[in-house]
*Asks:* 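This is the structure, below, for whatever I ask next.
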Amino acid sequence: MIKDKKKFCEDLKNFFKAQGLTQQSIAERLNVSQSYVGMLMSGSKAFGKNAAQTWADTFGLSAAWLLTGEGSITGEVVLNNQSGDNFQGNGMTVHHENRCLLDQLKKKDEQIDRLLRIIEKMQGL
């Protein structure tokens, strides 16, 4: 449940304003009615789990924030390398939409490592 509904609604509106998106354009992207978007953005209707996840996936918002109003509005995560840090010891903030790309790159790296091990074994024969 959202504690400060007024701040939540203002933050949500400001997020989309900064993106240059109107309620109508949001509705079109989600294939829902503009009135439904308006109800969610005004706080007259609360986000459910499915709607929160859809908005998170589509716009890079945090599903947890949409459900509770707490934490970061965006689905940013801090990724660390194996030693617990990143470039010059600093964490790296990654937006949700880029996280999927990073996951794909990680899988490709793992595949390359497997292929290199196979090649090394073949060369040893």
Side-chain angles (χ1 to χ4, degrees):
M1 184 156 166
I2 309 290
K3 291 179 185 176
D4 188 349
K5 196 180 285 191
K6 183 177 178 183
K7 181 177 179 344
F8 173 85
C9 294
E10 286 176 18
D11 290 348
L12 190 58
K13 289 175 188 176
N14 289 334
F15 173 84
F16 285 110
K17 184 176 181 180
Q19 306 295 318
L21 296 173
T22 63
Q23 288 185 9
Q24 186 60 42
S25 61
I26 294 165
E28 289 170 3
R29 280 178 131 176
L30 298 171
N31 199 28
V32 297
S33 70
Q34 184 272 325
S35 62
Y36 174 73
V37 171
M39 288 188 291
L40 289 170
M41 292 185 69
S42 69
S44 64
K45 180 168 182 59
F47 278 88
K49 289 181 184 178
N50 290 337
Q53 190 59 57
T54 299
W55 285 52
D57 293 341
T58 305
F59 302 110
L61 292 162
S62 165
W65 183 85
L66 290 166
L67 293 169
T68 65
E70 296 182 17
S72 174
I73 188 172
T74 58
E76 296 178 343
V77 292
V78 176
L79 299 179
N80 293 313
N81 64 16
Q82 290 176 349
S83 64
D85 60 11
N86 265 322
F87 185 73
Q88 297 180 349
N90 297 315
M92 177 178 69
T93 302
V94 179
H95 292 279
H96 174 77
E97 58 268 8
N98 293 332
R99 186 177 187 186
C100 294
L101 294 173
L102 288 172
D103 289 341
Q104 289 175 352
L105 286 173
K106 184 178 177 182
K107 288 178 185 174
K108 294 295 181 192
D109 278 348
E110 291 168 357
Q111 290 173 340
I112 290 170
D113 288 343
R114 274 187 252 134
L115 287 172
L116 288 172
R117 285 192 298 272
I118 291 169
I119 291 170
E120 286 173 355
K121 285 181 182 179
M122 291 175 67
Q123 288 175 342
L125 292 178

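Throughout, numbering of the chain's residues begins at 1 and tracks the sequence.
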*Asks:* Could you give the distance from CG (L67) to CH2 (W55), rounded to the nearest 0.5 Å?
*Replies:*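 Rounded to the nearest 0.5 Å, the CG-CH2 separation comes to 12.5 Å.
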*Asks:* Would you name the heavy atoms of C9 and G43 that are closest together and state the gap between them?
*Replies:*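 Heavy-atom minimum between the residues: SG-N, 3.5 Å.
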*Asks:* Would you check if V37 and F16 make a side-chain contact, meaning some heavy-atom pair closer than 4.5 Å?
*Replies:*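 Answer no - side chains too far apart.
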*Asks:* Is there side-chain contact between L12 and L61, with at least one heavy-atom pair below 4.5 Å?
*Replies:*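 Side chain of L12 against side chain of L61, heavy atoms only: contact under 4.5 Å found.
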*Asks:* Enter the distance from R29:CZ to L21:CG here, rounded to the nearest 0.5 Å.
*Replies:*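 It is 5.5 Å, given to the nearest 0.5 Å.
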*Asks:* When rounded to the nearest 0.5 angstrom, what is the spacing between CE in M41 and CG in D11?
*Replies:*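 If I round to the nearest 0.5 Å, the distance is 11.0 Å.
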*Asks:* Starting at CD1 of I73, measure out to CZ of F8 and round the result to the nearest 0.5 Å.
*Replies:*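 With rounding to 0.5 Å, CD1 (I73) is 7.5 Å from CZ (F8).
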*Asks:* With rounding to the nearest 0.5 angstrom, report the CD to OG distance, Q53 to S62.
*Replies:*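 The distance works out to 9.0 Å.
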*Asks:* If we ignore angles and hydrogens, is there a donor and acceptor under 3.5 Å between the side chains of Q23 and Q34?
*Replies:*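 Judged by distance alone, the side chains do pair up.
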*Asks:* Quick check on N50: does its CG atom have over 12 non-hydrogen neighbours (other residues, nucleotides or ligands) under 6.0 Å away?
*Replies:*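 12 or below, so no.
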*Asks:* Let me confirm one number: the CD-OG distance from E28 to S33, rounded to the nearest 0.5 Å.
*Replies:*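 Going from CD on E28 over to OG on S33, the span is 12.0 Å.
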*Asks:* Does any non-hydrogen side-chain atom of F59 lie less than 4.5 Å from one of I26?
*Replies:*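 Yes - at least one pair of side-chain heavy atoms lies under 4.5 Å apart.
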*Asks:* Hey, does W65 have a side-chain heavy atom less than 4.5 Å from the side chain of F15?
*Replies:*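 Not in contact.
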*Asks:* For E70, enumerate each residue passing the salt bridge (charged side-chain N to carboxylate O under 4.0 Å, His left out) test, keeping only those at least two apart in sequence or located in another chain.
*Replies:*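 Checked E70 against salt bridge (charged side-chain N to carboxylate O under 4.0 Å, His left out); matches are K3.
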*Asks:* Counting C-beta onward and ignoring hydrogens, is there a side-chain heavy-atom pair between Y36 and L30 closer than 4.5 Å?
*Replies:*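 No. Closest side-chain heavy atoms not under 4.5 Å.
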